[in-house]
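Remarks on the structure that follows.
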There are 2 protein chains.
Amino acid sequence: MFNVSTKTQYGIRALVHLARAGEVVGHVQGNPAATAAAIARSESISPKYLEGILSLLTTAGLLVSERGKHGGYRLARPPREVSMLEIVEALEGEIKPVDCIDSREVCAQGGSCLPRLFWLGLKESVDGYLSSRSLKDVLEGEADDGRA
Amino acid sequence: MFNVSTKTQYGIRALVHLARAGEVVGHVQGNPAATAAAIARSESISPKYLEGILSLLTTAGLLVSERGKHGGYRLARPPREVSMLEIVEALEGEIKPVDCIDSREVCAQGGSCLPRLFWLGLKESVDGYLSSRSLKDVLEGEADDGRA
DNA sequence: GGTATTCCTATGGGAGTGCTAGGAATATAC
DNA sequence: GTATATTCCTAGCACTCCCATAGGAATACC
């Protein structure tokens, strides 16, 4: 349960790759931007598949792309300022255990829906974890910050 | 993301239904056991579909079934003693964001897999939330216990 | 113009979800 | 012991989503 798609896994690995290489907009302009093909090779990911993923991250504002020859991708912000929640939501959509999660009203089913509060709590727990980690934390292998 | 299947949603609603009706093994022997058909009717769930779900919960040891005429289902334990983690795992399997979550060794991909620690932390966060809630908590609509 | 890149759209196999259907096994009632 | 009410087991099916793969259009550098 709670399987994370390869799309998200690959996306995160690509972002970690860029972060490790210091590919951030503004910084280290000497470096050429990293191409999708290069990241795919280095991370053993299908190149064409990764292309689409990087496009999504660009649309979401997490990456900046340069087209044409010597083009490629860079992080739009330093890793410290990118929360994992942003990344995951960009690729998988909102954390939403059940569909009725946003409607403050009662569920489709008529009566009182007690489980909804339970699912809401789960969403908050997951959102809390994801938003408390930055790309930099993942890069540095920090599994937890001491407080569960 | 993190969609919970109807199987699990229906299963939980059925368990809440049984808990509310006081259908616990040993207690209130006067009551007839609740049938799948009756629960399905009351909760507006497809009867045949619910049958399979209740069977799963029986196999998992959360319900006790009685076959034949006047048969039905009862909770195997009082609601206070049933953790939501048990229920969810019985219906959806282990919480496992990525497949490499149990292998202490490095992922399939050769090098160091930093994201694995991150996913492990997510699993622990979800497991923690689920194991901290009992069926009774859900029944009483307790969304949180005060501590995030 | 040639080349290297991102970007867009379409396609397809495979797996999982959400049921539906039919009947076998089992227990009670008369 | 037959009828009846229930759980239990297996199979199947439409639908959607996942995981790519493919081909080419748009763009930018040389």
Side-chain angles (χ1 to χ4, degrees), chain A residues 1-14 18 23 25 31-41 43-74 76 88 91-93 96-99 108-109, chain B residues 1-14 18 23 25 31-41 43-74 76 91-93 96-99 108:
Chain A
M1 190 214 191
F2 275 2
N3 235 334
V4 172
S5 68
T6 59
K7 184 162 72 173
T8 297
Q9 294 180 49
Y10 294 167
I12 290 176
R13 278 165 55 191
L18 287 167
E23 294 283 14
V25 160
N31 277 359
T35 69
I39 299 173
R41 206 178 317 117
E43 297 283 335
S44 306
I45 299 172
S46 156
K48 277 298 221 178
Y49 188 34
L50 184 61
E51 262 187 33
I53 296 169
L54 296 177
S55 276
L56 281 176
L57 291 170
T58 303
T59 304
L62 295 172
L63 292 179
V64 170
S65 65
E66 298 166 27
R67 300 175 69 161
K69 198 161 187 174
H70 302 128
Y73 297 92
R74 295 185 212 269
V88 169
L91 295 169
E92 299 258 355
K96 193 186 239 189
V98 290
D99 283 338
Q109 56 156 166
Chain B
M1 191 215 191
F2 275 1
N3 233 335
V4 173
S5 67
T6 58
K7 185 162 69 174
T8 297
Q9 295 179 49
Y10 294 167
I12 290 175
R13 278 164 55 191
L18 287 167
E23 293 284 13
V25 161
N31 277 359
T35 68
I39 300 173
R41 206 178 318 116
E43 297 284 334
S44 307
I45 300 172
S46 157
K48 276 299 220 176
Y49 189 34
L50 184 62
E51 261 187 34
I53 297 169
L54 297 177
S55 276
L56 281 176
L57 291 170
T58 303
T59 303
L62 295 172
L63 292 180
V64 169
S65 66
E66 297 165 28
R67 300 175 70 163
K69 197 159 186 176
H70 301 127
Y73 297 91
R74 296 185 211 270
L91 295 169
E92 300 258 354
K96 193 187 242 189
V98 291
D99 283 338

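Naming: A, B, ... by sequence-line order, numbering from 1 per chain.
Of the listed nucleotides (dA27(C), dT6(C), dC8(D)), dA27(C) has the atom at the smallest distance from the side chain of K69(B). Side-chain proximity of T35(A) to dC7(C), dT5(C), dC19(C): nearest is dT5(C). Of the candidates dA20(D), dT20(C), dT6(D), dA20(D) carries the atom nearest the Y49(A) side chain, counting heavy atoms from C-beta on. Looking at the side chain of E51(B), the nearest of the listed nucleotides dG18(C), dC9(D), dC19(C) is dC9(D).
Taking 4.0 angstrom as the limit, Y10(B) places none of its side-chain polar atoms (N or O) nearer than this to OP1 or OP2 of dT17(C). A close approach under 4.0 Å does not occur between any side-chain nitrogen or oxygen of S65(A) and OP1 or OP2 of dT5(C). An OP1 or OP2 oxygen of dT6(C) is reached within less than 4.0 angstrom by no side-chain nitrogen or oxygen of T58(A).
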Open item on the list: Only Watson-Crick and G-U wobble pairs with both distances less than 3.5 Å should count. Give DNA chain D in dot-bracket notation, marking inter-strand partners with |.
Closed with: ||||||||||||||||||||||||||||||

Atom pairs and distances, donor-acceptor, side-chain atoms in residues 47-54 of chain A, under 3.5 Å, two or more places apart:
| residue | atom | partner | partner atom | Å |
| --- | --- | --- | --- | --- |
| Y49(A) | OH | T6(A) | OG1 | 3.3 |

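DNA chain C is contacted by both T6(B) and H70(B); T6(B) maps to the nucleotide lying nearer its 5′ end (nearest heavy atom per residue). Of the residues near DNA chain D, G68(B) and S5(A), the one whose nearest nucleotide (by heavy atom distance) lies more toward the 5' end is G68(B).
Residue L63(A) contributes atom CG, which lies 11 Å from atom P of dT6(C) at whole-angstrom precision.
Scanning all heavy atoms of the two residues, the minimum distance from L18(A) to A34(A) falls at CD2-CB, 3.7 Å.
The one candidate from L62(A), T58(A), V64(A) that meets the side-chain contact (heavy atoms from CB on, under 4.5 Å) condition with Y73(A) is T58(A).
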